[in-house]
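Here's the structure, in structure tokens; my notes come after.
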2 protein chains.
Amino acid sequence: MAKRPALSKGEMVVARLLWDHSPATVRQIHTALPSPQDMDFSTVQTYLRRLETKGYASSVLQGKTRIYSAKAKAAAVVKATVDELVSRLFGGSTMPLMRHLIEERSVSADELSELRQLIERLEKERNSE
Amino acid sequence: MAKRPALSKGEMVVARLLWDHSPATVRQIHTALPSPQDMDFSTVQTYLRRLETKGYASSVLQGKTRIYSAKAKAAAVVKATVDELVSRLFGGSTMPLMRHLIEERSVSADELSELRQLIERLEKERNSE
DNA sequence: TTGATTCCAGTACAGTCGTACGTGTATCTT
DNA sequence: AAGATACACGTACGACTGTACTGGAATCAA
């Protein structure tokens, strides 16, 4: 697993879109940006280029158009990023973040119940080990 | 609520210690750093100075020593930071992060049970509204 | 075919970050 | 009192970020 330099905030936004659309052109990514996130076309271009430099993407020139593909797996990046956050903001413990998420961010009833089931399932698994 | 520039990663580590120890001197913060996080004394100093510039801390000179105090509330900063992460890495939805936390980061049995109770309590509250 | 338009690749540039050094002054040790 | 320590403060500096403009090639409109 190659150790890649961490993603910056802007890069992360673009990376996420790339995971969802890979392989994609710059324009496709730019178009896929949700409206509140207005970013210049060339800004997206720059991020994609940097993503490639950092090893998170690769690209080929197809005719006159460059096609970018995600290289790093989303799950791995998510893990690295979250681990990082938890360590810096909570000194490494996960619970404060969980509590925060459940209490401070609006979680719908359905989601709550999904969570509960997830937890119950995990508890059961553990007991039977 | 003053809009402060976001904290960088390094600043966050120091900010967290400041919340726990405020008011504190540079040295106190530096000493409080957990061992794997080795940071030069003057690096901590710089972060504290920047924290003040950004409006997250204030300081007074007490004799020859500068005493720093946390200004922004931890909860607010946590919220801003987490909101930011969720929006950039998950496009705004909280659930993927929850799932990730529960499944990928080791959560102890006790914690699981605490979580379950937290959820159950929330569900109950909602139902009685 | 000529000006207008579209798009990619490269370049730019100020601001932030991580990380610390040097200098001056105050305090401790002998 | 003279050297050793400790600390505050200013300064430094390359790397990374956010954000985009520019130049040139290809495409469209008339």
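DNA chain D lies under 4.0 Å from at least one heavy atom of each of the following residues of residues 49-56 of chain A: A:R50, A:K54. If you check residues 38-45 of chain B against DNA chain C, the residues with a heavy atom closer than 4.0 Å are B:D40, B:S42, B:T43, listed by number. A heavy-atom distance below 4.0 Å to DNA chain D is reached by none of the residues of residues 62-71 of chain A.
The residue A:L7 sits apart from the nucleic acid: no heavy atom pair falls under 4.0 Å.
One finds no salt bridge joining A:E11 and A:R50 here, because no Lys/Arg side-chain nitrogen approaches an Asp/Glu carboxylate oxygen to under 4.0 Å. A salt bridge does not link A:E120 to A:K124: none of the charged nitrogens lies less than 4.0 Å from a carboxylate oxygen. In summary, A:E104 and A:R99 do not engage in a salt bridge, as defined by a charged side-chain N under 4.0 Å from a carboxylate O.
Between B:T81 and B:V77, the shortest heavy-atom distance links the atoms OG1-O, 2.7 Å.
At the phosphate of D:dG18, OP1 or OP2 sits under 4.0 Å from a side-chain N or O atom of A:S8.
With a 6.0 Å radius and a threshold of 12 heavy atoms from other residues, nucleotides or ligands, B:E103 has its CD atom above the threshold.
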- Task: Begin from the C-alpha positions of B:K71 and B:E52 and carry the test salt bridge (Lys or Arg N to Asp or Glu O under 4.0 Å) through to its verdict.
- Result: CA-CA 9 Å; B:K71 226 172 129 189; B:E52 179 162 23; over 6 Å; no

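Remark on DNA chain D: of its neighbouring residues A:Y47 and B:R27, the 5'-side contact belongs to B:R27, judged by nearest-heavy-atom nucleotide.
Side-chain contact check for A:S42 and A:D40: at least one donor-acceptor pair (N or O, by modelled atom type) lies under 3.5 Å.
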